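Working notes, beginning with the structure itself.
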Amino acid sequence: MAVAWYASYYLTENNVTAQQVETLEPVIVGTQELVGQLRTAETLMDMLAAVDRNGLDCDVALSAVRTTRLVTNLAGVFDPDGTPICADADFAPDVSRSLASIPSEDPEIMGGLVMVRESGDRLLALSLSLPGLDLPEYTTEISLIGRDDAIVTLLGEPQTLTDPALARGDPEQPATIRRFNAASIASMPVGIDDINLFAVLDDDYVGPTKLGLIAQSAIMPLGFFIACLGLASILLKSFALRDINSLRQEMAEFAADRRVASEGGIAPSLTSDTSMMRSDFRILAQQLLEEEQIGLARLAHSETLQREVFHRVSNNFQIILSTIRLIAREGSVIEKTDEISQRVQMLSLVHHALHDIDGTSLHSFHEAVPKLLDGVRSAGMLIGAPIETDLAPVHHSVARVYALLHLTIEALYRLDRMGATEVQMVATEDALTITADCGDVPPNRLSDALVKTFARDLKGAAGWQGNVFVASFPEPSEDD
C-alpha cells in the first residue's frame, strides 16, 4: 500500500506539473517579445547612465537609442528637479515611481511605458511604446511591478493585488504560478533586478498543496486496500468465521446444558485447524465434566461432614450442660455450677451465631452479631437494655470472627453483671468498641484470662478501659 501510495503521489504530482506547464507555455511564448523589449530598454538605461561619466558622449547615446528596434518617445538624463542633462525632449519625471503607463487609443497597441531609475544624483528616464500581445484567452491581465511595488497594467483590467510578493517570481524558474483568490498569478522574471512581469489567469491552476496532494494520491491505494479488506472479510466469513461460529455454538451449548454436542448436529469444519480445535475442545469438555462430577461429589461429602460436625459440637454442648445440671441436683461439692453452665452456654451461643444451622455457610462478624445478641437475651443477659450497633461490613478470617464473637459475649456478660442499661457497639475495619452506662468494670481473674486468650487468637489486643471494652487488631491476619 505504501509503494502504491508513493507511485500515486508521484504520478499525481507529475500530472499537476504537466498541467501547469501546459497552461504557462502559451503565456511565456506570448510575452517573449515584450520581455525582449524590456531587456533592451534596461540596456539603454545602462548606456544613459554612462553619459559624461564613462566618456560616453550624449549625442552618441541618444543616437544609439533612436537606432534600436524600440519605439521610444523619450530618452534622457535629468537632474532630480527635471532639468535635462542629456535628453531629446523635456520631461518631468515622477521620482516616487519606477514605472508609469501612457494609455493608447489604438486597441492594437498596449500603450506607452515610462521607466525611471535613479543613478547617483541623476534620474534616467525612458518612454517607449509597446505592441499588442497575442495571449491565450484565459489570460485576463498582463502587468509589470517595479522595485517600489509600483504596478503598471499593460493589458486587461487591473486586479487588486494586496500582496506584491505574489507578483515576484523565482529568478531560477522560467515561471512561477501562485494562487490569487479564485484565479492564479503567473510570475515571469524579466532578467531585470527591479522589474517583474506577471499575468493573471482566470482559473486556479496552482493545484493542491503538499498535504492535499498526499491526501489526493491516497484515494486510489486506500480504495484498493478497502476493497481487499472487503474481499478478505468475505473469505474469512465463508471459511474461518463460519467454523469459529460453529465452535462457539458448541461452547454455548456446553455452557448452558453441560453437554457436548453430537457430531451430526454441527456442520463439518472447512479447515484442518478448526477441526483440530473442535477435537481438542471435545476432549477438554469431557475432562471438565468428569472433574466437575468428582468435585460435586466431594463438595456434597464436605457439606455433609460439616453439618455433622456442627450438630455434633452442638450436641456436645448440650451434653455438657445436662451433665452439670445433674451434678448440681445430686448436691455435689462442686461450687458455682450455675456460672460454669452459663459459660458453656456462652460458648454454644458463639458457635450457633457463626454457623448456618440449615446450611454449610459461615457468617461474617457483622452478620453473626444480631444472632449472638438474640442468644444473649434468650440466656437472660441484658434483658430490657437497648443495644445499639454500628458494624462495618468487613470480612475477616474465620479464626478472627470466632475471637471477636467470644470477646463480644464476654464483654456483654461482664456488663450484665455490672447492671448496664444501655450498650453501644461500634466495629470498624481494625477495632471493636463496646461502651455502657455503668461504672468502671473491675478486674476478674477468669474473665481477664479468657480475654487474653481470645485476644491472642485475634492477633491483637483487648481489655477494659473503665466501662469501655476495646479490642484492636491493626495488622491483617495471615488467613485474610
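These figures come from a predicted structure and were not determined experimentally.
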Search all heavy atoms of [X] against all heavy atoms of [Y] and return the closest pair with its distance.
X      : Y      : answer
Val350 : Tyr402 : CG1-CD2, 4.1 Å
Ser184 : Asp204 : OG-CA, 3.3 Å
Ala379 : Gln342 : O-NE2, 4.2 Å
Tyr205 : Ile177 : CB-CD1, 3.4 Å
Ile28  : Ala175 : CD1-CB, 3.7 Å
Ala167 : Asn196 : O-CB, 3.9 Å

In the structure I gave you, are the side-chain heavy atoms of [X] and [Y] within less than 4.5 Å of one another anywhere?
X      : Y      : result
Thr433 : Phe469 : no
Thr389 : Leu373 : yes
Met425 : Thr435 : no
Ile142 : Leu34  : yes
Leu201 : Val27  : yes
His355 : Leu362 : yes
Ile195 : Met115 : yes
Phe473 : Leu404 : yes

Original post:
Looking just at side-chain N and O atoms, do Glu157 and Thr140 make a donor-acceptor pair shorter than 3.5 Å?
Top reply: no
Subject >> Under 3.5 Å side-chain donor-acceptor pair for Thr153 and Ser143 >> reply: yes
Say you draw a straight line from [atom1] of [X] to [atom2] of [Y]; how long is it, rounded to the nearest 0.5 Å?
X      : Y      : atom1 : atom2 : answer
Ile151 : Leu144 : CD1   : CG    : 10.0 Å
Leu382 : Arg417 : CG    : CZ    : 9.5 Å
Leu450 : Leu407 : CG    : CG    : 9.5 Å
Leu458 : Ser472 : CG    : OG    : 8.0 Å
Glu367 : His395 : CD    : NE2   : 6.5 Å

Original post:
Would Asp149 and Arg168 count as a salt bridge (Lys or Arg N to Asp or Glu O under 4.0 Å) if you check the C-alpha gap in whole Å, the side-chain angles of each, and the deciding distance to 0.1 Å?
Top reply: CA-CA 10 Å; Asp149 295 337; Arg168 300 191 180 276; 2.9 Å; yes
**OP:** Report yes or no: does Arg178 contribute a side-chain atom to a donor-acceptor pair with the main-chain N or O of Ile185 at less than 3.5 Å?
**Re:** no
Original post:
What residues form a ring-ring contact (aromatic ring centres under 6.0 Å, His included) with Phe454, not counting sequence neighbours?
Top reply: His406
